[in-house]
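Below, chains carry the letters A, B, ... as their sequence lines are ordered, and counting in each starts from 1. Being a predicted model, the structure only gives us computed values, none of them experimental.
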Amino acid sequence: MLLILIPTSSDCKIPILAWKLSQFDIEIVVELCFFASFCSPPRIKDEPDDDGFYASPKEDSKPLKRPREDDDILLILQDSKAKKVKSKDKKVPEADKRKKPKKEEEQKWKWWEEERYPEGIKWKFLEHKGPVFAPPYEPLPENVKFYYDGKVMKLSTKAEEVATFFAKMLDHEYTTKEIFRKNFFKDWRKEMTSEEKSTITSLSKCDFTHMSQYFKAQSEARKQMSKEEKQKIKEENERLLKEYGYCVMDNHKERIANFKIEPPGLFRGRGNHPKMGMLKRRIMPEDIIINCSKDSKIPAPPPGHKWKEVRHDNKVTWLVSWTENIQGSIKYIMLNPSSRIKGEKDWQKYETARRLKKCVDKIRNQYREDWKSKEMKVRQRAVALYFIDKLALRAGNEKEEGETADTVGCCSLRVEHIKLHPELDGQEYVVEFDFLGKDSIRYYNKVPVEKRVFKNLQLFMENKQPEDDLFDRLNTSILNKHLQDLMEGLTAKVFRTYNASITLQQQLKELTNPDDNIPAKILSYNRANRAVAILCNHQRAPPKTFEKSMMNLQSKIDAKKEQLADARRELKSAKADAKVRRDEKSKKTVESKKKAVQRIEEQLMKLEVQATDREENKQIALGTSKLNYLDPRISVAWCKKWGIPIEKIYNKTQREKFAWAIDMAEEDYEF
DNA sequence: CACTAAACTTAGCAATCCGAGC
DNA sequence: GCTCGGATTGCTAAGTTTAGTG
């Protein structure tokens, strides 16, 4: 198929083209959206309305995709921004290729205006300097003592290093925990000489307090350092960043996210982790796998050392990897979120969620049907999916017992995690959830559900022990396979992304009051954001200084109120004065007093809004959803629509991460 | 199909930074 | 200039999903 489109004004033609194509090939539509969204204001919302692909039963049976080999689409635009869009595996005559704008280079490279690589290929050229290793251990000064059983004991360097890890944590509650102490002691002994091992047989006889004091003094000293010294450290860090913090990927210099190797220390998992206190060992060059281009300058290992391996795999995005010793998992050094490779993926994630939007109704109807299935497996799948959709639960992979904290997600819920209330507080069929999720954050919620769901849950729980799986015929793999059949690229987490983003969009619509001033509008934004955070259960520990800071803010408000009262009094008397005198000067005074009152009113309002916002945010973390779940184009569009500076919503880092969205979304963007 | 390894995203907390108010 | 406290950044653990294997 060859299609040539010559629009007169680029704005209106794209959707029409998309419409026509959509009847043939979904993939192409996606690419066109991509295209449409950069060549002119994104008009994705104008895409054909759904039913084409999903809603109509007729379309349903048809394969979503047809072989791409036949497709060769070429768009030629007359406008200067001409770009080509072609199907991945076909060549387009070289002559038609227009040079990308040169010299726009590094400053702000708009990777989103470029063609994407074929599936699987992550880069063509990659060069970097390798990782920065943790600084070597510096033995304690002679005068800092360790005591065993009341007596001074000089430790070998290795044993001492591990001891310092413990000493540095002495104030933490977890050094009192049995598991932590047991794990620590076991691993510490492995680092001891045989004499040390035979002497040090009990952790409770170890006295780290002197060491601990020394470290406290050290960190105090660090705070007290002179400006020059601090400046020097800062410069050293900048040098390190400059040298190791960037790589070259396909002609562009890109920021690396974590170029420093994690230093050794004691592992402290989240929650009740069975491995807490274990020694996280020092990573050496011999542990490191380097990934880069064959034809790049390969990073040199530190003198006297070798890399474990150097490979050239452009099917992956990481630059460096090593295996960590606590869980035996692999750790990676990868690029910053502002990089092309992360940004594209992020963008794609939201596009997948938007595709779900088009077929979510159908999927919902489907799982509601499945609640009635005669197959247990299907019913369980359908109820689980309902939870994932309605409550934004995570998928819930099974975990190896004893390796990690006991936490669950949807598929791994156990009978003990829910309670069924046929009636509760005047509501029917209430399910009470109470479990620890990711990071051992508690999920607690009472949710009225459909009668069918309730009955199914009763069925699933029959003859089971509290510690049995609620969905015993289901796991994430089964669920995701099913989802894949419902929509290409659909997995459990897409529901979280979709529901988060659609909630933000809908809440913004509902909460934004056109007459509000900017701070009040931002409060509305934060409230919409908060609704999402609550949905996703993004909690935080109330800041330690919360109460105090609230009090401070309140006193500021009180002060401002007084100030306002004063200003009003002054205005009043000025007015009275002006009435008597009737001269220019007193009129001017009235004006300026009026202005002052207004200014103070605004300040007061701002403070009050701030107080409300903070109070409502006490235990809610907004960052996670903002960064990972909310399509940034929704926020950008909202800002444009209401004239809110984007800086009020996204800080510098966030603006870098979302540069693509800030550049392409217009005020009419719809998720 | 079950199992595991690998790759990549998502997560909360602690350390650090930085600017407003003294 | 200095200090306090909120904002930002860094850190790395803990998830999800995919790919590979027998």
Without decimals, in angstroms, what is the distance between [X] [atom1] and [N] [atom2]?
X: A:Lys342; N: B:dT9; atom1: NZ; atom2: P; answer: 4 Å
X: A:Lys657; N: B:dT9; atom1: NZ; atom2: C1'; answer: 9 Å
X: A:Gln654; N: C:dT9; atom1: CD; atom2: P; answer: 8 Å
X: A:Asp346; N: B:dA7; atom1: CG; atom2: P; answer: 21 Å
X: A:Asp406; N: C:dA13; atom1: CG; atom2: P; answer: 20 Å
X: A:Lys223; N: B:dC17; atom1: NZ; atom2: P; answer: 13 Å
X: A:Lys345; N: B:dA7; atom1: NZ; atom2: P; answer: 12 Å
X: A:Leu266; N: C:dT12; atom1: CG; atom2: P; answer: 13 Å

Looking only at side-chain atoms of [X], point me to the closest of [options].
X: A:Lys438; options: C:dG15, C:dT8, B:dG12; value: C:dG15
X: A:Ile330; options: B:dA6, B:dC8, C:dT12; value: B:dA6
X: A:Arg394; options: B:dA14, B:dC18, C:dT16; value: C:dT16
X: A:Thr653; options: C:dT9, C:dT18, B:dA11; value: C:dT9
X: A:Asn258; options: C:dT9, C:dT12, B:dA11; value: C:dT12
X: A:Phe267; options: C:dA13, C:dG15, B:dA11; value: C:dA13
X: A:Lys280; options: C:dT12, B:dT10, C:dT18; value: C:dT12
X: A:Thr491; options: B:dC18, C:dT9, C:dT17; value: C:dT17
X: A:Ala395; options: B:dT9, C:dT17, C:dT12; value: C:dT17
X: A:Asp439; options: C:dC11, B:dA11, C:dT17; value: B:dA11

Is it true that [Y] and [X] share a donor-acceptor pair across their side chains at a distance under 3.5 Å?
X: A:Tyr444; Y: A:Asn537; result: no
X: A:Arg633; Y: A:Tyr350; result: no
X: A:Tyr332; Y: A:Thr317; result: no
X: A:Asn397; Y: A:Thr476; result: yes

Can a side chain N or O of [X] be found less than 4.0 Å away from OP1 or OP2 on [N]?
X: A:Arg268; N: C:dA14; result: no
X: A:Lys399; N: C:dG15; result: yes
X: A:His538; N: B:dA11; result: yes
X: A:Ser440; N: C:dA14; result: no
X: A:Lys331; N: C:dA13; result: yes
X: A:Asn651; N: C:dA7; result: no
X: A:Ser321; N: B:dA6; result: no
X: A:Thr624; N: B:dG12; result: yes
X: A:Tyr629; N: B:dA11; result: yes

Side chain to side chain contact (heavy atoms under 4.5 Å, CB included) evaluation trace for A:Asp472 with A:Arg414: CA-CA 9 Å; A:Asp472 53 307; A:Arg414 298 192 296 261; over 6 Å; no
hbond_proxy A:Lys493 side chain to B:dT9 base (donor-acceptor, 3.5 Å cutoff): no
Over all strands shown, is [X] touching base, sugar-phosphate only, or nothing at heavy-atom distances under 4.0 angstrom?
X: A:Thr407; value: sugar-phosphate
X: A:Lys122; value: sugar-phosphate
X: A:Gly437; value: sugar-phosphate
X: A:Ser329; value: nothing
X: A:Pro337; value: nothing
X: A:Leu627; value: nothing
X: A:Gly623; value: nothing
X: A:Ala492; value: sugar-phosphate

Of A:Glu262 and A:Gly489, the one whose closest DNA chain C nucleotide lies more 5': A:Glu262
First of A:Glu324 and A:Lys652 reached from the 5' end of DNA chain C, by closest nucleotide: A:Lys652
Residue of the set A:Arg394, A:Lys399, A:Arg270 for which side-chain hydrogen bond (donor to acceptor under 3.5 Å, both in side chains) holds with A:Thr407: A:Lys399
Nearest heavy atoms of A:Arg355 and A:Gly489, plus distance in Å: NH2-CA, 4.5 Å
Exercise: identify the closest heavy-atom pair between A:Gly130 and A:Ile290: CA-CD1, 4.3 Å
Most 5' of A:Arg311 and A:Cys536 on DNA chain B, judged by nearest nucleotide: A:Arg311
Contact nearer the 5' end of DNA chain B, comparing A:Thr497 with A:Arg222: A:Thr497
